[in-house]
2 protein chains.
Amino acid sequence: MTGASSLTLDQLLCFSIYSTGHAFNRIYKPLFDRIGLTYPQYLVMVVLWQEDGQTVRSIGKKLFLESNTLTPLIKRLESAGFVSRNRDREDERQVRVVLTQKGRKLQQDAQDVPRCVFEACGLDLDEVADLNHKLVKLRTSLENAADRTV
Amino acid sequence: MTGASSLTLDQLLCFSIYSTGHAFNRIYKPLFDRIGLTYPQYLVMVVLWQEDGQTVRSIGKKLFLESNTLTPLIKRLESAGFVSRNRDREDERQVRVVLTQKGRKLQQDAQDVPRCVFEACGLDLDEVADLNHKLVKLRTSLENAADRTV
DNA sequence: CACGATTAAATCGTGCGCGATTTAATTTTT
DNA sequence: AAAAATTAAATCGCGCACGATTTAATCGTG
């Protein structure tokens with residue numbers, strides 16, 4: 001008979017990532033409820049506040065997501081009145097996502113979300129920057145590895 | 001008019017976590033496809049290989065999940081023949097999840113998953129341990145913050 | 001003992017993620 | 001210029017997550 005395993009969850013880096021992601025979720029959920037967004041919707045808005053009128057694909061590249069996820073999500077943002085979706089005149093395959101007045105105004109309401117989340121982290125700025133940098137590096141490695149196997 | 005925002009995604013620690021989680025997913029997806037599990041199902045199996053016969057709640061505490069997520073997931077593990085679900089005789093409210101022969105055998109097939117994922121990380125053991133430790137610390141802070149607001 | 005409170009699972013609805021496929025527009029090749 | 005290849009979105013199905021509610025068992029207090 002196989003005895004108790006020696007592999008525990010806390011040895012798995014992927015589990016730390018996974019569970020910390022959920023912990024973040026629990027923090028910002030109430031913040032986003034207040035302004036009528038979900039977290040992935042907020043990310044799309046951040047990308048649009050940065051540069052308005054992007055295509056679905058351009059947004060997706062930044063978020064590492066594709067149209068199968070983004071199309072319905074953006075349609076919900078459209079229903080909520082934050083964006084409009086318009087086919088590109090030059091290339092009708094593409095859909096450009098454009099902020100509405102309401103969508104631009106939302107930026108102010110969402111202004112203090114990053115600070116609230118930062119405070120919940122209980123880390124100082126340097127620690128956050130360091131951790132952030134390491135995670136970006138890890139993500140890049142994982143993407144390269146994924147590309148190699150595919 | 002509000003100009004371009006200064007807030008970028010790469011400043012957000014939560015986005016690093018979120019996107020790195022997805023990058024992990026892309027790495028282990030093919031590994032889990034091969035053995036007929038999803039990642040969350042694998043985590044449940046890891047917990048059970050560690051200690052068989054746990055209740056749904058006990059599994060949930062370790063994974064930071066609740067019965068609304070776990071019940072259907074474990075039912076799928078049951079359909080796949082990896083576990084059986086039995087009401088506890090002492091306390092009929094609880095359901096004990098017990099590995100089948102097939103579920104125990106799966107441990108061997110899943111044996112090299114952690115190593116494969118580790119290799120994709122492109123980090124050495126110390127770096128992984130360090131990052132892991134920082135993430136656990138962060139997760140703990142976030143949980144405490146969440147408890148305080150609730 | 002009884003009744004209200006608590007606890008454990010289960011159920012339901014919504015919104016991601018994502019593999020796979022489809023549709024339509026554009027580009028490349030012949 | 002026509003056919004083939006490529007590209008961008010959209011669609012579909014499935015499996016999480018999770019808030020909210022329900023059901024059933026157990027516990028605690030009077």
Side-chain angles (χ1 to χ4, degrees), chain A residues 14-15 17-30 32-34 36-44 54-61 63-80 85-97 146 150, chain B residues 14-15 17-30 32-34 36-45 54-61 63-80 83 85-97 146 150:
Chain A
C14 52
F15 179 67
I17 302 269
Y18 167 86
S19 54
T20 306
H22 292 165
F24 263 118
N25 234 312
R26 271 162 227 137
I27 293 291
Y28 46 55
K29 183 82 171 41
F32 289 134
D33 280 353
R34 222 168 291 158
L37 289 179
T38 65
Y39 178 61
Q41 288 169 9
Y42 168 75
L43 292 179
V44 169
Q54 292 183 71
T55 63
V56 173
R57 176 162 167 69
S58 160
I59 296 168
K61 279 184 111 164
L63 300 182
F64 305 93
L65 295 173
E66 310 198 5
S67 66
N68 51 4
T69 301
L70 286 175
T71 297
L73 188 158
I74 292 169
K75 281 184 175 175
R76 280 186 283 272
L77 286 176
E78 189 180 35
S79 305
R85 296 166 351 105
N86 324 289
R87 287 275 162 190
D88 187 314
R89 286 299 182 85
E90 314 253 309
D91 183 344
E92 292 267 344
R93 289 173 303 182
Q94 299 185 134
V95 167
R96 298 215 165 258
V97 185
V150 174
Chain B
C14 53
F15 179 67
I17 302 270
Y18 167 85
S19 53
T20 306
H22 292 166
F24 263 118
N25 235 311
R26 272 162 227 139
I27 292 291
Y28 48 56
K29 184 81 171 39
F32 288 135
D33 280 352
R34 223 169 288 158
L37 288 178
T38 64
Y39 178 62
Q41 287 169 9
Y42 168 74
L43 293 179
V44 170
M45 295 304 286
Q54 292 183 69
T55 63
V56 172
R57 177 163 167 68
S58 161
I59 296 168
K61 278 183 114 163
L63 300 182
F64 305 93
L65 294 173
E66 311 199 4
S67 65
N68 50 5
T69 300
L70 285 175
T71 297
L73 187 158
I74 293 169
K75 281 185 176 175
R76 281 186 282 271
L77 286 176
E78 189 180 36
S79 305
V83 303
R85 297 168 350 107
N86 324 289
R87 286 276 162 191
D88 188 313
R89 286 297 183 85
E90 314 253 307
D91 184 344
E92 293 266 344
R93 288 173 304 182
Q94 301 186 133
V95 167
R96 298 216 166 257
V97 185
V150 175

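The sequence lines fix the lettering, A, B, ..., with proteins before strands; numbering per chain opens at 1. Here the structure is a predicted model, which is why all the values come from computation and not from measurement.
The separation between A:Y28 atom OH and C:dC16 atom P is 12 Å, rounded to whole Å. In this structure, CD1 of B:I74 is placed 13 Å from P of C:dT11, rounded to the nearest angstrom. Atom pair A:L43:CG and C:dG15:P shows a separation of 17 Å (rounding to whole Å applied). Atom CG in B:L70 sits roughly 13 Å away from atom P in C:dA8 (whole-Å rounding). The nearest whole Å value for the distance from the NZ atom in B:K61 to the P atom in C:dA9 is 11 Å. One atom, CD of A:E78, and another, C1' of D:dA10, lie 14 Å apart when rounded to the nearest Å.
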Where do B:E78 and B:V97 land on the side chain to side chain contact (heavy atoms under 4.5 Å, CB included) test, with the steps shown first? CA-CA 9 Å; B:E78 189 180 36; B:V97 185; over 6 Å; no
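Contact check for A:F15 versus B:L63: side-chain heavy atoms found under the 4.5 Å cut-off. Residues B:L37 and B:L77 form a side-chain contact, since some pair of their non-hydrogen atoms from C-beta on lies under 4.5 Å apart.
Between A:F24 and A:Y28, the ring-plane angle classifies as parallel under the 30° and 60° cut-offs.
In this structure, B:K75 reaches the C:dT11 phosphate: one of its side-chain N or O atoms is under 4.0 Å from OP1 or OP2. When the side-chain nitrogen and oxygen atoms of B:T55 are compared with OP1 and OP2 of C:dA9, one or more of them lie within a distance under 4.0 Å.
Under the 3.5 Å distance criterion, the side-chain polar atoms of A:R87 are matched with a main-chain donor or acceptor of A:R93.
Judged by Watson-Crick or G-U wobble contacts below 3.5 Å, the nucleotide C:dA2 has D:dT29 as its partner.
When all heavy atoms of A:R26 and A:P30 are compared, the closest pair comes out as O-CD, 3.4 Å. Scanning both residues, B:L70 and B:G60, for their nearest heavy atoms gives CD1-CA, 3.4 Å.
At the heavy-atom level, B:R87 lies under 4.0 Å from the strands shown only through sugar-phosphate atoms. Note on B:R85: only backbone sugar-phosphate atoms sit closer than 4.0 angstrom, heavy atoms only; bases stay farther off.
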I'd like to compare against my own output: the B/S/- annotation of nucleotides 16-26 of chain D with a strict under-4.0 Å heavy-atom distance to protein. SBBBB----BS
